[in-house]
Amino acid sequence: MELPSLDPSRTPETLLGDILTYIEDAEKIVTARQTLSLAGLDATVDALCTRILTLVPEDAKEYAPELDHLMQRLTELQNRMVALQDELATTINSLGTRSKAARAYINPTEE
């Protein structure tokens with residue numbers, strides 16, 4: 001499943017919404033254990049931060065709660081991806097152990 005591309009030239013409000021939607025879609029893909037590419041996410045988040053930094057401090061402060069929420073969601077997605085990666089590594093390692101155990105019980109004359 002492919003995520004939609006993000007357009008870093010949009011307004012900060014639109015970028016926030018786009019990134020949150022992107023994260024929600026990515027979470028669905030991860031939950032379904034499908035292959036996920038996060039291409040473009042880093043550039044869009046960087047564009048959002050750059051655009052907010054160009055605002056006067058009073059205006060930029062208005063985005064603090066949204067940015068905190070965005071960081072929380074990104075961290076949750078990262079944690080979910082790491083947990084699934086660890087689960088996959090454990091599964092792969094246990095398959096190796098099972099194969100070794102199965103070979104130990106094979107009659108040498110049957111090989």
Side-chain angles (χ1 to χ4, degrees):
M1 182 173 179
E2 193 71 26
L3 289 170
S5 62
L6 294 167
D7 180 3
S9 67
R10 300 177 84 170
T11 66
E13 293 85 4
T14 305
L15 282 173
L16 278 166
D18 289 350
I19 293 169
L20 287 171
T21 300
Y22 189 94
I23 291 169
E24 288 171 6
D25 292 344
E27 288 172 340
K28 290 175 188 172
I29 292 170
V30 169
T31 299
R33 297 174 184 257
Q34 296 176 344
T35 303
L36 174 64
S37 171
L38 297 176
L41 179 60
D42 56 339
T44 305
V45 171
D46 184 53
L48 172 64
C49 293
T50 300
R51 305 224 35 224
I52 290 174
L53 286 173
T54 63
L55 299 173
V56 293
E58 295 79 30
D59 292 340
K61 285 181 185 178
E62 293 179 23
Y63 291 98
E66 287 89 353
L67 289 173
D68 285 342
H69 178 70
L70 178 64
M71 287 305 301
Q72 178 184 8
R73 295 294 301 276
L74 283 169
T75 301
E76 289 170 3
L77 177 61
Q78 176 187 4
N79 291 340
R80 179 174 284 150
M81 291 174 71
V82 168
L84 287 173
Q85 182 181 15
D86 290 345
E87 182 182 321
L88 179 61
T90 300
T91 300
I92 290 171
N93 289 334
S94 70
L95 288 176
T97 303
R98 288 181 189 151
S99 294
K100 290 175 190 173
R103 279 193 219 126
Y105 288 101
I106 294 175
N107 184 341
T109 58
E110 293 177 3
E111 288 186 38

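Below, all heavy atoms of this structure are taken into account, side chains as well, without hydrogens, waters or symmetry copies.
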Between the CG atom in Leu15 and the CG atom in Asp46, the distance rounded to the nearest 0.5 Å is 11.0 Å
Between Ile52 and Pro12 the two heavy atoms that sit nearest each other are CG1-CB, 4.3 Å
query = Can you check side-chain contact (heavy atoms from CB on, under 4.5 Å) on Thr75 and Asn79, steps first, answer last?
reply = CA-CA 6 Å; Thr75 301; Asn79 291 340; 3.7 Å; yes
Student check: side-chain heavy atoms of Arg73 and Glu24 closer than 4.5 Å: yes
Query - Side-chain heavy-atom pair Leu70, Ile23 within 4.5 angstrom cut-off - result: yes
4.5 Å side-chain heavy-atom contact, Glu66 and Glu13: no
### Query
Which is it for Met81 and Gln85 under the side-chain contact (heavy atoms from CB on, under 4.5 Å) test, yes or no, and what are the steps along the way?
CA-CA 6 Å; Met81 291 174 71; Gln85 182 181 15; over 6 Å; no
Report the C-alpha distance between Tyr63 and Leu55 in whole Å, list the side-chain angles of each, state the deciding distance to 0.1 Å, and finish with yes or no for side-chain contact (heavy atoms from CB on, under 4.5 Å). CA-CA 10 Å; Tyr63 291 98; Leu55 299 173; 3.4 Å; yes
* To do: Output, in order, the C-alpha distance, side-chain angles, deciding distance and verdict of side-chain contact (heavy atoms from CB on, under 4.5 Å) for His69 and Leu16.
  => CA-CA 10 Å; His69 178 70; Leu16 278 166; over 6 Å; no
Rounding to 0.5 Å, atoms CG (Leu20) and CG (Asp25) come to a distance of 11.0 Å
